[in-house]
2 protein chains.
Amino acid sequence: MTFTQTLPLTDISRGVAYGQADAACSSPSARAAIAPERADSLARSLKALADPARLRIISIVAAHADAEACVCDLTDQLTLSQPTISHHLKVLVDAGFLTRVKRGTWSYYSMVPGSLESVAGVLAAV
Amino acid sequence: MTFTQTLPLTDISRGVAYGQADAACSSPSARAAIAPERADSLARSLKALADPARLRIISIVAAHADAEACVCDLTDQLTLSQPTISHHLKVLVDAGFLTRVKRGTWSYYSMVPGSLESVAGVLAAV
DNA sequence: TCCTTGGATTGACATTGGTCGATGCAATGT
DNA sequence: ACATTGCATCGACCAATGTCAATCCAAGGA
């Protein structure tokens, strides 16, 4: 899988308006549509989130008192193998939603503050 | 593809807290994580949105003055074949983001009001 | 009636994505 | 030094997804 870092999305400007087709079926465009590169970027972020296991991972991490969870927390609650969970964690880290810190034998994952809200905001504004 | 109707998401309640593992690496959970069914539902909605072409389609439809666009508007602006665009439109309709109305030879697509904001809201609350 | 046109459906294809078993690796305990 | 433990990586497999050419269908227009 090739989820590259996409956040933050806030520095991607809107594209210019496209030429308005004057076909019979068309009505005028009130504002500019999203720029293709911006659509690509947002789609990459949404793809990283669009999986039940990854949403649950994010929720479990965010629900922890210190917003930090180790892989063992996740293997307990998700009925998935450890390699699969590790894979999903990598996807979320690569997409910029989680960060990883290793202490001793354990890896701890935490939310990147505002990353989820940023995507939600961009999405609502599309 | 099998995107079933998932919106609105607001009637899906949160699940109960999971048993807290008392392993050495764990910290206490401050609140309940998302329920698996809720994660499935949200993931289906996000999957429908997680494509650059579909995001652009939504944006083009929403940008129209009357929030309505026909397929010819989309084939003009997207470098995709007509069957592909028709396919993406079906995904968005099935997921509850667009509605279709046919007048004469043309099909017009409009946004389902609040559908995008609903997903964005649920996402930010995960 | 026939032809044209807008758009949906079908079928096929290549690519991507989710999953797991096996393995590797670093840190800790004995 | 050796065994154990927690977790990442690799390789393989199958299911799901995005794309298009070909086709079909309905609505108008000649």
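Order of the sequence lines fixes the chain letters, A, B, ..., with proteins taken first and strands second; residue numbering starts at 1 for each chain. Nothing here was measured: the structure is a model prediction, and the numbers come from that model.
Rounded to an integer number of Å, the gap from CG of A:Leu74 to P of D:dG6 is 14 Å. The separation between B:Ile57 atom CD1 and D:dT19 atom C1' is 13 Å, rounded to whole Å. Between the P atom of C:dT16 and the NZ atom of A:Lys47 lies a distance of 10 Å, rounded to the nearest Å. A:Asp51 places its CG atom 12 Å from the C1' atom of D:dA16, with the value rounded to the nearest Å. Across the protein-nucleic acid pair, B:Leu46 atom CG and C:dG17 atom C1' stand 16 Å apart, rounded to whole Å. Note: CH2 (B:Trp106) to C1' (C:dT4) measures 12 Å, nearest angstrom. Atom CG of A:Leu78 and atom P of D:dC7 are 13 Å apart (whole Å). Here the P atom of nucleotide C:dG7 and the CG atom of B:Leu92 are 16 Å apart, to the nearest Å.
For D:dA8, one of the phosphate oxygens OP1 or OP2 lies less than 4.0 angstrom from a side-chain nitrogen or oxygen of A:Arg100. Residue A:Tyr108 places no side-chain N or O under 4.0 Å from the OP1 or OP2 atom of D:dG6. Considering only side-chain N and O atoms, B:Thr105 lies nowhere under 4.0 angstrom from the phosphate OP1 or OP2 of C:dG6. Contact between the side-chain N/O atoms of A:His87 and the OP1/OP2 oxygens of C:dC20 is not found at any separation under 4.0 Å. Contact between the side-chain N/O atoms of B:Thr84 and the OP1/OP2 oxygens of D:dT19 is not found at any separation under 4.0 Å.
Between A:Glu68 and A:Arg103 a salt bridge is recorded (basic side-chain N to carboxylate O distance below 4.0 Å). A salt bridge is defined here as a Lys NZ or Arg NE, NH1 or NH2 lying under 4.0 Å from an Asp or Glu carboxylate O, and A:Arg44 with A:Asp40 fails to meet this definition.
At a threshold of 4.0 angstrom between heavy atoms, the contacts of A:Ser107 are confined to the sugar-phosphate backbone, with no base atom among them. If you check every strand for non-hydrogen atoms under 4.0 Å, A:Leu80 touches sugar and phosphate atoms only. Note on B:Ile85: nothing from the nucleic acid sits closer than 4.0 angstrom, heavy atoms only.
With contacts defined as side-chain heavy-atom distances shorter than 4.5 Å, the pair A:Leu80/A:Thr75 does not qualify. Counting heavy atoms from C-beta on, the side chains of A:Arg100 and A:Leu89 never come closer than 4.5 Å.
Of all nucleotides listed (D:dC20, C:dG7, D:dT19), D:dT19 comes nearest to the side chain of B:His88. Candidate nucleotides D:dC7, C:dG18, C:dT9 were compared by shortest atom distance to the side chain of B:Lys90, and C:dT9 ranks first.
B:Ser81 and B:Thr84 share a side-chain donor-acceptor pair at under 3.5 Å.
A residue-by-residue look at A:Gln82 and A:Arg103 shows that A:Gln82 has its nearest nucleotide of DNA chain C further toward the 5' end.
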